[in-house]
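Only a predicted model underlies this, so the values are computations on that prediction, with no experimental measurement involved.
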Amino acid sequence: IFGSPLEHARQLWPHDYKKFCDVIEEYEKEMEKLAGRLMWLMLGSLGITKDDVKWAKAGCSALQLNSYPACPDPDRAMGLAAHTDSTIFTILHQNNTSGLQVFREGNGWVTVPPLTGALVINVGDLLHILSNGLYQSVLHRAVVNRTRHRLSAAYLYGPPSGVKISPLSKLVDQGHPPMYRPVT
């Protein structure tokens, strides 16, 4: 969902879409506030200020709703293939059914247990580039559960479209050259 869910929801539920839209819009508003706070906590930990990242006042976002039905033979089904997010970061809410896994060097795929009331933050490729590799994007996947239906809501946060992303100048010097070229 990019922006308002109204048109898509009207197609799915022509007579009963208002409550869905209200809930999604409230959720997006709260996620936008949280994303702004997280962005500055993460960049602030690197000594970056709001003057260093002019575009950060107005990020761009999308909401992805995921449904993974129970599967009696989970080894023969794929939930979501291994990937890194191309965003700055993703804020993930998952129900009480496990399925999210992250790849850890030396350990392989590790399940991230769902915790009631907790959110998972996945560092994306653009934060990896901005931080010149200090924050590493997370390789992750979703596997299906043998007996339980899994639901998740992923809030994908990035810069406004067209903004050039490159390692921040405060993080680059002779001892730490830029590891990545600018991308949009």
Side-chain angles (χ1 to χ4, degrees), residues 1-4 24-66 80-94 98-142 152-184:
I1 299 170
F2 293 98
S4 172
I24 292 299
E25 286 174 357
E26 179 67 21
Y27 187 80
E28 286 180 322
K29 190 184 331 174
E30 293 301 318
M31 289 296 106
E32 182 179 6
K33 285 189 243 177
L34 178 59
R37 290 188 65 208
L38 285 171
M39 170 91 164
W40 290 112
L41 285 170
M42 296 168 98
L43 291 180
S45 74
L46 301 174
I48 303 302
T49 68
K50 291 184 180 183
D51 291 333
D52 299 320
V53 188
K54 303 279 188 230
W55 55 261
K57 290 181 175 84
C60 186
S61 66
L63 182 62
Q64 181 175 316
L65 306 175
N66 303 298
L80 189 58
H83 66 285
T84 58
D85 295 336
S86 60
T87 57
I88 291 177
F89 56 79
T90 300
I91 303 170
L92 182 74
H93 176 267
Q94 48 186 345
S98 65
L100 175 64
Q101 295 182 333
V102 296
F103 189 80
R104 294 191 57 176
E105 285 297 325
N107 293 342
W109 290 104
V110 177
T111 298
V112 178
L115 300 174
T116 302
L119 299 169
V120 175
I121 311 302
N122 283 336
V123 170
D125 298 336
L126 294 181
L127 185 54
H128 186 109
I129 292 169
L130 279 172
S131 70
N132 205 29
L134 294 171
Y135 279 110
Q136 300 208 347
S137 50
V138 178
L139 181 62
H140 59 284
R141 68 183 184 185
S152 69
Y155 183 84
L156 305 138
Y157 180 76
S161 68
V163 168
K164 221 172 239 193
I165 300 295
S166 61
L168 293 163
S169 59
K170 278 189 174 178
L171 304 176
V172 174
D173 58 29
Q174 286 185 348
H176 303 93
M179 296 171 57
Y180 308 98
R181 63 178 174 76
V183 297
T184 53

Roughly how far apart are [X] [atom1] and [Y] [atom2], rounded to 0.5 Å?
| X | Y | atom1 | atom2 | answer |
| --- | --- | --- | --- | --- |
| Leu38 | Met31 | CG | CE | 9.0 Å |
| Leu127 | Gln136 | CG | CD | 11.0 Å |
| Glu25 | Glu30 | CD | CD | 13.0 Å |
| Ile91 | Ile121 | CD1 | CD1 | 5.0 Å |
| Trp109 | Gln101 | CH2 | CD | 7.0 Å |

* Backbone N or O of Thr87 within a donor-acceptor pair of the Asp85 side chain at under 3.5 Å? -> no
* Output yes when a side-chain donor or acceptor of Asn132 lies under 3.5 Å from a complementary backbone atom of Leu168, and no otherwise. => no
* Might you work through the side-chain contact (heavy atoms from CB on, under 4.5 Å) test for Ile1 and Glu28, ending with a clear yes or no? => CA-CA 10 Å; Ile1 299 170; Glu28 286 180 322; 3.9 Å; yes
Minimum heavy-atom distance [X]-[Y], with the two atoms named:
| X | Y | value |
| --- | --- | --- |
| Tyr157 | Gly59 | OH-CA, 3.6 Å |
| Ser98 | Thr111 | CB-CG2, 4.0 Å |
| Ser45 | Tyr135 | OG-OH, 2.8 Å |
| Ser131 | Leu46 | CB-CD1, 3.7 Å |
| Pro160 | Cys60 | CA-CB, 4.1 Å |
| Thr90 | Ala154 | CG2-CB, 3.9 Å |

* Heavy atoms from other residues, nucleotides or ligands near NZ of Lys170 exceed 12 (cutoff 6.0 Å) -> yes
* Asked: Got more than 12 heavy atoms from elsewhere within 6.0 Å of NE2, His83?
  -> yes
* Kindly write out the residues that satisfy side-chain contact (heavy atoms from CB on, under 4.5 Å) with Leu126, not counting sequence neighbours, or none if the list is empty. => Ile88, Ile129, Pro159, Ile165, Val183
* To do: Check the pair Phe89, Met39 against side-chain contact (heavy atoms from CB on, under 4.5 Å), reporting the backbone distance first and the verdict last.
  => CA-CA 9 Å; Phe89 56 79; Met39 170 91 164; 4.1 Å; yes
* Salt bridge Lys29-Glu32, side-chain N to carboxylate O under 4.0 Å ->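 Result for this pair is no, no salt bridge flagged.
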* **Step-by-step side-chain contact (heavy atoms from CB on, under 4.5 Å) determination, Gln94 to Leu100** => CA-CA 9 Å; Gln94 48 186 345; Leu100 175 64; 3.6 Å; yes
* **Test log, rule side-chain contact (heavy atoms from CB on, under 4.5 Å), inputs Asp52 and Leu43** => CA-CA 10 Å; Asp52 299 320; Leu43 291 180; over 6 Å; no
* Asked: Do Val53 and Leu130 touch side chain to side chain, with heavy atoms closer than 4.5 Å?
  -> no
* **Note, Leu65 side chain near Ile24 side chain (heavy atom, < 4.5 Å)** =>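 Of all side-chain heavy-atom pairs linking Ile24 with Leu65, at least one is under 4.5 Å.
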* To do: State, without any angle test, whether His128 and Asp125 hold a side-chain donor-acceptor pair at a distance under 3.5 Å.
  => no
